[in-house]
> 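Quick one: structure below, then a few questions.
The figures here come from the full heavy-atom set of this structure, side chains too, leaving out hydrogens, waters and symmetry mates. Counting convention: from 1, in listed order, for ligands and their atoms alike.
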Amino acid sequence: MAREVKKAVDTALVDKIVAKHRTREGALLPVLREVQDSLGYLPQEALERVALGLGLSLSRVYGVATFYSLFYTRPKGRYMVRVCESAPCHVQGAQEVIDALIRELGVSFGETTPDGRFTLEKVSCLGVCGVAPAVMIEDRVYGNLTPESVVAVIQEYR
Ligand code: FES
């Protein structure tokens with residue numbers, strides 16, 4: 001049976017980033033951003049190093065890392081699938097599109113497919129309400145979606 005192998009966090013790298021920002025007022029956000037840019041997400045071990053390095057409690061660091069939607073405490077997939085569920089998309093059938101996506105990917109919001117290919121996320125307005133319901137994959141926006149067409153879009157990324 002396959003076993004998950006956790007990659008060790010490069011704590012020296014995290015310490016270096018902390019040292020670079022330590023003297024700045026409000027260092028936590030830039031530190032978290034840079035650590036995430038380097039590691040791809042914010043693993044628990046990295047958050048512990050950041051807390052230690054900045055002299056903050058782990059709960060404070062964890063609270064900030066989980067509050068902002070730009071931070072990820074779990075590994076992200078190769079493709080971010082962002083689904084709009086604001087009112088204009090909702091009234092145009094976003095829920096059916098969302099249901100189709102969840103069925104097709106086999107994950108819920110905030111989760112990544114086991115093959116590491118897709119992470120599903122819900123967002124508010126993507127700014128393309130005229131073509132609701134809409135989904136964004138990486139930097140490409142798809143509109144006027146139906147449950148069938150959103151599955152076809154996902155197939156393009158498989
Ligand atoms: S409400 Fe969905 S794109 Fe604006």
> Determine whether Arg82 and Val135 satisfy the following criterion, side-chain contact (heavy atoms from CB on, under 4.5 Å), listing intermediate values before the conclusion.
CA-CA 6 Å; Arg82 296 184 166 94; Val135 164; over 6 Å; no
> Taking 4.0 Å as the limit for heavy-atom contacts, which would you say applies to Cys84 with ligand 1: side chain only, backbone only, both, or neither?
side chain
> Any N/O/S atom from Cys89 (main chain or side chain) under 2.8 Å of atom 4 (Fe) of ligand 1?
no
> Does Cys129 bring an N, O or S atom to under 2.8 Å of atom 4 (Fe) of ligand 1?
yes
> Dump the intermediate steps for salt bridge (Lys or Arg N to Asp or Glu O under 4.0 Å) on Glu104 and Arg158, then the final yes or no.
CA-CA 11 Å; Glu104 175 66 17; Arg158 288 220 185 261; 3.3 Å; yes
> In terms of relative ring orientation, are Tyr79 and Phe118 parallel, tilted or perpendicular, with 30° and 60° separating the classes?
tilted
> Examine the side chains of Glu48 and Tyr62 and answer whether a donor and an acceptor come within less than 3.5 Å of each other.
no
> Closer than 4.0 Å to some heavy atom of Pro88 - which atoms of ligand 1 meet that?
1 (S)
> Quick test of your reading of the model: are Glu34 and Lys20 salt-bridged, counting only N-O distances below 4.0 Å?
yes
> Considering only non-hydrogen protein atoms, determine which one is nearest to atom 3 (S) of ligand 1 and report residue, atom name and distance to 0.1 Å.
Leu126 N, 3.4 Å
> Can you sort out which atoms of ligand 1 are near Ser86, meaning under 4.0 Å from one of its heavy atoms?
1 (S)
